[in-house]
Structure formats: C-alpha cells, structure tokens
Colleague: 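Once you've had a glance at the structure underneath, I'll fire off some questions.
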Number of protein chains: 2
Amino acid sequence: MLRVTKLADYGIVLMTQFASYRESQTHNARDLAAEVRLPLPMVSKILKVLAREGLLVSHRGTRGGYSLARAADGITVADIIRALEGPIAVTECTDKVNGDCDLERVCPVRSNWHRINEAIREALEKITLAEMRRPFPPGLVKLTDPRSVRTFHA
Amino acid sequence: MLRVTKLADYGIVLMTQFASYRESQTHNARDLAAEVRLPLPMVSKILKVLAREGLLVSHRGTRGGYSLARAADGITVADIIRALEGPIAVTECTDKVNGDCDLERVCPVRSNWHRINEAIREALEKITLAEMRRPFPPGLVKLTDPRSVRTFHA
DNA sequence: CCTAATTAGTACTGATTCGGTCTTCAATGC
DNA sequence: GCATTGAAGACCGAATCAGTACTAATTAGG
C-alpha cells in the first residue's frame, strides 16, 4: 500500500506522453488514449481535471485538444498528484490544518509524521516531467544517517 | 492522498508507545488502548497482526500481553507499514512481480516509478522506532540535484 | 450559419477497500 | 477449573475508487 490512485498513476503516464511531444502541439483525448492504451473515458476525465488545475491548456472545438501549460521541466510529479488527488498527506494529521485530532498535544508521533511527509513530498517535488520522459539518473534521493546530521532547513 | 491506512497509522503510534516502555515488559491491549486513546477492538486487531508478523511477541493468559520482539532501534517504520498493509508499492506496477501490465514494454514511466518507490521505501526503512520516540533530527532525507548525481547503488 | 468535432461539467454505478465491531475459540496463570 | 488474555476470523456500514454515460458549451471549417 501507501498507494497512489489510478487517477494519479494514469495522469503521470499521460503527462509524460505530453512531455515527449513537440511543445505547444495539441493532442485530443482519443488519440492520447490510443497511444497510452488506456480507456478513453478515463483519459478524458483526467485531462479535464489537469486542465482545470492549470497543468494543461485546452482548446475546444474541431481539431481542439490539450497541450502542456508550461515546459516539461517546470512540471513535477508532485504537481500532478496534487492536481488529481489533493494535497500530499501520508496521514490524516499531516493534512488537516489543525485542531481535529484530540491527541495533538500528547501524540509524540505527529511531528515525526510531518517530517516524513515533507521528505516524501520534497522527493516528488524534485522529479520533473522532463526527467520522467527518460530513465532518470539513480541516486536522486539520498538518505543521510540520522546520527550524522547537522542542520537542514531550520 | 498518497495516504497510509489507519491501521498503519495507529500501528505506528502503538509501536512507538511500546518503544517508550522498559523493554521486555508486557502490556495488554486494554491498557494500551486507554493510553493512546484509541478504540480497544482496533488496538486489539492491530496488535494481533503485529504479533503474527513478528514485530511483537504475545503472551496469553492472565497478566499476559505484548512486548517488542526486538530492540526499538531494530524496528523501522517501513517494517510496521509492511506488516499491516503489505509491501510498500506506490503504484500497482511497482508491486506485482511481473507480467500483468500489458504496457510493461512500452511504458517509459515504469522504471522511474520503481526508483521513486525505492526512494520512499528507503526513507521509511531508515526511520527506527527509537527515533520516532523522540523528535528526530531534521534533514534525515536529503535530495540531491539530478544533474549533479554521479553513481549510487548500481 | 450549419455541422461535426471536441472539451466541460456532472451525475451515476458497481466493486472494492476501509474502519470498526462482534463472536467464538485457545492458552495461561492462579 | 476459572478468570483473564490473546487468536482467528466473520461480519457490516460507509467511503472511496475506477469507470461510464449523458448533456451542454465551444470552435473550426465549409
């Protein structure tokens, strides 16, 4: 588990596909669905959301379609997940702004979850579509031994 | 989203609680539930699974209960998640061993998902219960710029 | 201006999973 | 042997997921 939904999964596949096109060229839902071999209604639905969230721009009418809203290296995996399934929050208490978990005060786990969540979010934030298009270099994310850590982002 | 289930969430809280006890002292489900303020049946169910998966040892009968199977620094967040919700796999295709996704061959995204998944898994693998007990040092996970990466785990 | 193509928006549905409870059985200590 | 505790699993309502269908709005092109 710790699973991303199919919406996000497909969404990333689709966006990666866009990244492999020449820029500013529009492609319609039907052709895209055929290319990535996913059901048209799903593709259609996902593209709509991605457009609404500002990752794609849409062009209606005959010979309309979608194209990337920004350059491929300006769109991250985190962007896509956020667009399709909301803020990245591994647990409920990393999501809600405040005051809902009555354990807040005493829960020693909470602050740690926040950090773990941040780490994951940042990892996804660093991966751009441009990098997804090709096999990206290994070692993108590197773990440091907690015992040897000095300071980092406050 | 990218959410962990409540089972794993609660499981981590419970295990952290164990880590704060003197070792090899057993605690029963009822007391634990009261301490962390979670419903007893849930706590009971989770402890059972954790015992079955070898993270806790159980002692039946009067004055029975559970205790950690290993030292707190030998149990990781990844262990707990795996015990309660199976292998850590962000997408379906990072999970199944092989051959189910007919896109396998052509899908350029697949290998990248694997790496992302590995990164997340490793991050969780590095965080032990001993570290969860207290606020752990910041900068546990550090991202490197893909353009400056040389080599790392093959 | 008409028509075909295409996206926008939304409602709907079946299946699955989640979160949680309950019941029954097995083991253990006193 | 009896009270206490865990083991195992059935069960259920609610939420979410994955996917479909339908209607309205917009545009290009003749």
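Every heavy atom of this structure was used, including side-chain atoms; hydrogens, water molecules and symmetry mates were not. Naming: A, B, ... by sequence-line order, numbering from 1 per chain.
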Colleague: Grab the two heavy atoms, one from B:E85 and one from B:A8, that are nearest each other, plus how far apart they are.
Modeller: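 Heavy atoms only, the tightest pair is OE1-CB, 3.7 Å.
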Colleague: Are any non-hydrogen side-chain atoms of B:L47 and B:F18 less than 4.5 angstrom apart?
Modeller: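 With C-beta onward as the side chain, the pair touches.
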Colleague: Which nucleotide in the set D:dG6, C:dT7, C:dT21 lies at the smallest distance from any side-chain heavy atom of A:S58?
Modeller: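 Side chain of A:S58 sits closest to C:dT7.
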Colleague: Separation of B:K48 atom NZ from C:dA26 atom P, in whole Å?
Modeller: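 My rounded result for the distance is 15 Å.
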Colleague: Could you state the CZ-P distance from A:R3 to C:dT17, rounded to the nearest angstrom?
Modeller: 10 Å
Colleague: Nearest of D:dA7, D:dT4, C:dT6 to any side-chain atom of A:N28?
Modeller: C:dT6
Colleague: Please evaluate the base of C:dA26 for a donor-acceptor partner in the side chain of B:R60 within a cut-off of under 3.5 Å?
Modeller: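 Check passes, donor-acceptor contact within cut-off.
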Colleague: By nearest atom, which of the nucleotides D:dT20, C:dG20, D:dT5 is closest to the B:R30 side chain?
Modeller: D:dT5
Colleague: In a check of side chain to side chain contact (heavy atoms under 4.5 Å, CB included) between B:I80 and each of B:T16, B:L124, B:L129, B:L14, which one passes?
Modeller: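 Only one of B:T16, B:L124, B:L129, B:L14 forms a side chain to side chain contact (heavy atoms under 4.5 Å, CB included) with B:I80, namely B:L129.
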Colleague: Checking all strands, does B:G61 fall into the base, sugar-phosphate, or nothing category for heavy-atom contacts under 4.0 angstrom?
Modeller: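 If one applies the 4.0 Å heavy-atom cut-off, B:G61 turns out to touch a base.
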Colleague: Of the options D:dA18, C:dG29, D:dG6, whose atoms approach the side-chain atoms of A:M42 most closely?
Modeller: D:dA18
Colleague: Taking NZ from A:K45 and C1' from D:dT20, how many angstroms apart are they, rounded to a whole number?
Modeller: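 After rounding, the gap between these two atoms is 9 Å.
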Colleague: Roughly, in whole Å, what's the span from CG in A:L47 to P in C:dA8?
Modeller: 9 Å
Colleague: C:dA8 P sits how many Å from A:E53 CD, rounded?
Modeller: 12 Å
Colleague: When the distance from CG of A:L32 to C1' of C:dT7 is rounded to whole Å, what number comes out?
Modeller: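 Spelled out: CG on A:L32 to C1' on C:dT7 is 13 Å.
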Colleague: Taking only Lys NZ, Arg NE, NH1 and NH2, and the carboxylate oxygens of Asp or Glu, determine whether B:K6 and B:D9 approach each other closer than 4.0 Å.
Modeller: no
Colleague: If you assign each of A:T62 and B:G64 to its closest nucleotide in DNA chain D, which residue comes earlier from the 5' end?
Modeller: B:G64
Colleague: Atom CG of A:L40 to atom C1' of D:dA18: distance rounded to whole Å?
Modeller: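 Those two atoms, CG and C1', are 15 Å apart.
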Colleague: Measuring from the side chain of B:A29 (C-beta onward, heavy atoms only), which nucleotide among C:dT7, D:dA18, D:dG6 has the closest atom?
Modeller: D:dG6
Colleague: Can you tell me the distance, in whole Å, between the CG atom of A:L50 and the P atom of C:dA8?
Modeller: 11 Å
Colleague: A:R63 has a side chain; which of C:dT28, D:dG29, D:dA18 sits nearest to it?
Modeller: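 Selected nucleotide (nearest to the side chain): D:dG29.
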Colleague: Touch check for B:K6, heavy atoms < 4.0 angstrom, all strands: base, sugar-phosphate only, or nothing?
Modeller: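 Counting heavy atoms under 4.0 Å across all strands, the contact made by B:K6 is with sugar-phosphate only.
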Colleague: Does OP1 or OP2 of C:dA8 have a side-chain N or O of A:Y66 closer than 4.0 Å?
Modeller: yes
Colleague: Classify the ring geometry of B:Y21 against B:H27: parallel below 30°, tilted from 30° to 60°, perpendicular beyond 60°.
Modeller: parallel
Colleague: Taking only N and O in the side chain of B:Y10, is any of them less than 4.0 Å away from OP1 or OP2 of C:dG19?
Modeller: no
